[in-house]
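Computation of the quantities below employed the complete heavy-atom set of this structure, encompassing side-chain atoms and omitting hydrogens, waters and symmetry-equivalent molecules. Below, chains carry the letters A, B, ... as their sequence lines are ordered, and counting in each starts from 1.
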Amino acid sequence: MSIYWGTFGVSPLGGLDDLSFTYVEKLRAKEREKSRGETSYLPLIGIHPLNVRVRFAPSPTGYMHVGNVRTALFNWLFARGEDGIFILRIEDTDVKRHVQEAVDAITEGLQWLGIDWDEGPGVGGEFGPYFQSERIDLYHQAAQELVDRGAAYICRCTAEGLDADACTCGEKPGERARSEGEAVRFRNPGGRTIFEDIVQGKLSFENDQFGDFILIKSDGTPTYNFANVVDDNAMRVSHVIRGDDHLSNTPRQIMLYETLDCEPAEFAHLPQILGDDGDRLSKRHGAASLSDFRDRGFIPEAMMNYLALLGWAPEGENDFLNPEQLIDAFRLDRVRQSASQFNQQKLTHLNSQHMENRPLRQRAEIAAKYLARAGMIEDETDNDAFAYIEKIVEALGSRFKYGEQIVEYGGHFFAENVSIDADLHSYLAKDDVRDALSRTADRYETATTWDEETIEDIIRSTAEEFDLKAAPLIHGTRVALSAKTVGPSLFTLVYLVGRERSARRIRAALDQVPPGKN
RNA sequence: GGCCCCAUAGUCUAGUGGUCUAUGACACCAGCCUUUCAAGCUGGAGACCCGGGUUCGAUCCCCGGUGGGGUCACCA
């Protein structure tokens with residue numbers, strides 16, 4: 001008798017023979033008895049004595065969909081919170097050759113977000129390899145084991161026009177091995193599969209509906225469901241946390257666990273993430289890829305915070321959490337069952353909150369990067385330029401909510417002139433304002449000191465001189481200097497634009513904008 | 001269509017068989033602050049999908065309906 005796959009046996013894959021499984025095994029046997037006759041699996045939430053081992057198992061598609069990122073995040077939060085192991089496994093059985101860039105997109109995305117893995121590409125681990133394309137022999141071994149036992153059979157029917165029931169080519173158990181061009185089918189035992197999903201609750205499926213599904217395709221590669229179970233078992237995965245689009249794969253997988261004499265993992269199926277229009281999130285929504293957000297200057301801790309809030313909520317009323325707090329607060333059994341829509345406004349809000357927690361220097365570095373990218377500064381590492389950027393970012397304060405925004409709010413600091421849109425001309429139309437503006441330009445140039453106090457004094461006293469309130473002069477100055485009605489404190493703005501340049505911009509603005517009727 | 005899942009404000013959500021007159025956040029509106037905007041503070045508007053049943057009492061439990069979603073591959 002060969003027990004390659006038994007939980008207690010010596011597995012050629014895992015190499016561990018852990019007798020501590022005995023306790024839970026007994027309890028589960030009891031549960032099984034209760035649901036006699038049916039293929040039933042009821043996990044024992046809360047008393048699982050195994051170490052938590054979870055995995056994120058993406059297929060390398062070339063980019064990181066935010067839905068997948070959220071799945072990775074929940075796995076990671078759970079692992080970190082339970083002192084467990086987080087595994088990264090690449091499901092590339094379908095990929096003809098190893099696509100390095102596609103794998104890089106995954107690892108770089110995770111690293112950027114701050115998700116690290118204990119086993120997987122780059123770090124190894126004792127349950128490797130962690131690329132399915134390198135585990136093909138293992139799937140064949142497992143499939144042959146099932147064929148030998150009569151739990152699966154070799155099928156050489158052509159794929160076209162064939163449903164499993166019509167395939168009559170089942171051999172006697174153990175008769176021979178699969179040869180080139182043949183598929184291996186699972187012999188569906190029928191009955192029902194009942195299991196308790198940590199998120200979705202108790203679920204029940206009729207097994208017959210899945211037919212005799214394929215384990216090994218005729219080209220020799222394993223199907224998703226089969227490779228998944230073989231790997232999850234070999235890697236001792238204790239909890240399978242994945243999107244709920246896999247819900248109906250679960251009974252198939254549990255059947256496989258059972259016929260392989262393995263203890264199924266516990267399952268937690270996460271609800272979908274939808275676009276802001278309620279449709280499935282896709283490229284069409286502009287930002288379905290993690291890199292879209294990274295490129296626009298959203299910061300990882302905010303992204304993580306927001307993603308964690310999709311389908312899950314912490315206890316209490318505070319949802320502004322850093323990664324450490326998320327790990328602390330995260331509970332798998334508090335995950336919701338219904339889909340949620342992705343809301344960029346909330347993300348933006350959280351991003352600005354997390355930005356405020358970053359030291360000025362870091363915010364300035366972010367700004368420098370985007371200014372350089374937009375071609376507004378030559379060299380983002382230049383010290384003088386950086387010192388200036390720091391002052392601008394400081395002045396902008398909470399207005400600077402994510403990286404890309406610096407171009408809009410701060411771009412004019414790096415230009416000689418600004419162009420004033422017609423709808424802002426009214427700020428510069430009145431004669432008394434124009435005269436006062438002209439006067440302040442002169443006074444900037446002749447001032448003996450140059451600081452914000454001096455600037456404020458010039459503006460307020462000039463306003464008085466022309467019998468104006470300070471506000472219209474202030475507003476006119478802002479438009480003349482920045483071509484905007486919003487921005488930092490005006491006196492800071494003048495100071496940062498600089499003495500000569502402020503004077504030049506004011507005069508240029510008066511030239512550019514024709515006087516209007518008072 | 002079969003199977004499966006889901007249903008609290010525009011969005012993300014908390015919540016319980018009875019002070020639920022339903023929690024918090026984003027967005028929205030108003031006020032305060034202020035030179036503008038942002039931020040902040042204060043206040044405001046805004047929701048338990050529908051119909052039955054169980055119950056003294058249902059947002060909560062059960063059934064049905066409706067709506068939404070997932071899945072039905074030799075894709076993952």
The side chain of [X] is closest to which nucleotide in this list: [options]?
| X | options | result |
| --- | --- | --- |
| R336(A) | C74(B), U36(B), A14(B) | A14(B) |
| N225(A) | G40(B), U35(B), A76(B) | A76(B) |
| S340(A) | U13(B), C6(B), U11(B) | U13(B) |
| H475(A) | A76(B), C4(B), U36(B) | U36(B) |
| S218(A) | C12(B), A25(B), C74(B) | C74(B) |
| R280(A) | A14(B), G70(B), A76(B) | G70(B) |
| D319(A) | A76(B), C3(B), G24(B) | G24(B) |

Searching all strands shown, indicate the nucleotide that pairs with [N] (Watson-Crick or G-U wobble; both distances under 3.5 Å).
| N | answer |
| --- | --- |
| A7(B) | U66(B) |
| U36(B) | none |
| U16(B) | none |
| G2(B) | U71(B) |
| U21(B) | none |
| A76(B) | none |
| G46(B) | none |
| U55(B) | none |

Sugar-phosphate only, base, or nothing, as touched by [X] at under 4.0 Å among non-hydrogen atoms:
| X | result |
| --- | --- |
| S59(A) | sugar-phosphate |
| L490(A) | base |
| F491(A) | base |
| T223(A) | sugar-phosphate |
| T61(A) | nothing |
| G311(A) | sugar-phosphate |
| N318(A) | nothing |
| P488(A) | base |
| H269(A) | nothing |
| A313(A) | sugar-phosphate |
| R460(A) | sugar-phosphate |
| E456(A) | nothing |
| S248(A) | sugar-phosphate |
| G397(A) | nothing |

Using whole Å, report how far [atom1] of [X] lies from [atom2] of [N].
| X | N | atom1 | atom2 | result |
| --- | --- | --- | --- | --- |
| Q253(A) | A76(B) | CD | C1' | 11 Å |
| L321(A) | U13(B) | CG | C1' | 13 Å |
| N228(A) | C75(B) | CG | C1' | 13 Å |

Notebook entry, point to check: Of L347(A) and G278(A), whose nearest nucleotide on RNA chain B comes first from the 5' end?
Noted result: L347(A)
Checklist line | RNA chain B: 5'-proximal contact among N343(A) and L247(A) (nearest heavy atom) | finding: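 On the 5' side of the pair lies L247(A).
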Checklist line | Short side-chain donor-acceptor distance under 3.5 Å, H65(A) and N68(A) | finding: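 Side-chain D/A pair, N68(A) to H65(A): absent.
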Next item on the list: Check whether the side chains of T348(A) and N351(A) place a donor and an acceptor atom closer than 3.5 Å, and report yes or no.
Entry: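 No, because no side-chain N or O of T348(A) sits under 3.5 Å from a partner of the opposite role on N351(A).
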Which value, in whole Å, describes the distance between the [atom1] atoms of nucleotides [N] and [M]?
| N | M | atom1 | result |
| --- | --- | --- | --- |
| U59(B) | G69(B) | C1' | 23 Å |
| G65(B) | A73(B) | C1' | 33 Å |
| G64(B) | C28(B) | C1' | 38 Å |
| U54(B) | A58(B) | P | 10 Å |
| C60(B) | G17(B) | P | 11 Å |
| U19(B) | A39(B) | C1' | 37 Å |
| G46(B) | U13(B) | C1' | 15 Å |
| U36(B) | G31(B) | P | 13 Å |

Checklist line | F74(A) ring center within less than 6.0 Å of W312(A) ring center | finding: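 Between F74(A) and W312(A), which both carry aromatic rings, the centre distance is not below 6.0 Å.
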Check: Is there a side-chain polar atom (N or O) of K401(A) under 4.0 Å from OP1 or OP2 of C26(B)?
Finding: no
Note to self: Tell me if a side-chain donor or acceptor on D244(A) pairs with a main-chain N or O of L247(A) at a distance below 3.5 Å.
What the structure shows: no
Notebook entry, point to check: Would you call K202(A) and E196(A) a salt bridge, using N to O less than 4.0 angstrom?
Noted result: no
Next item on the list: Answer whether the closest heavy-atom distance between the side chains of Q100(A) and P60(A) falls below 4.5 Å.
Entry: no
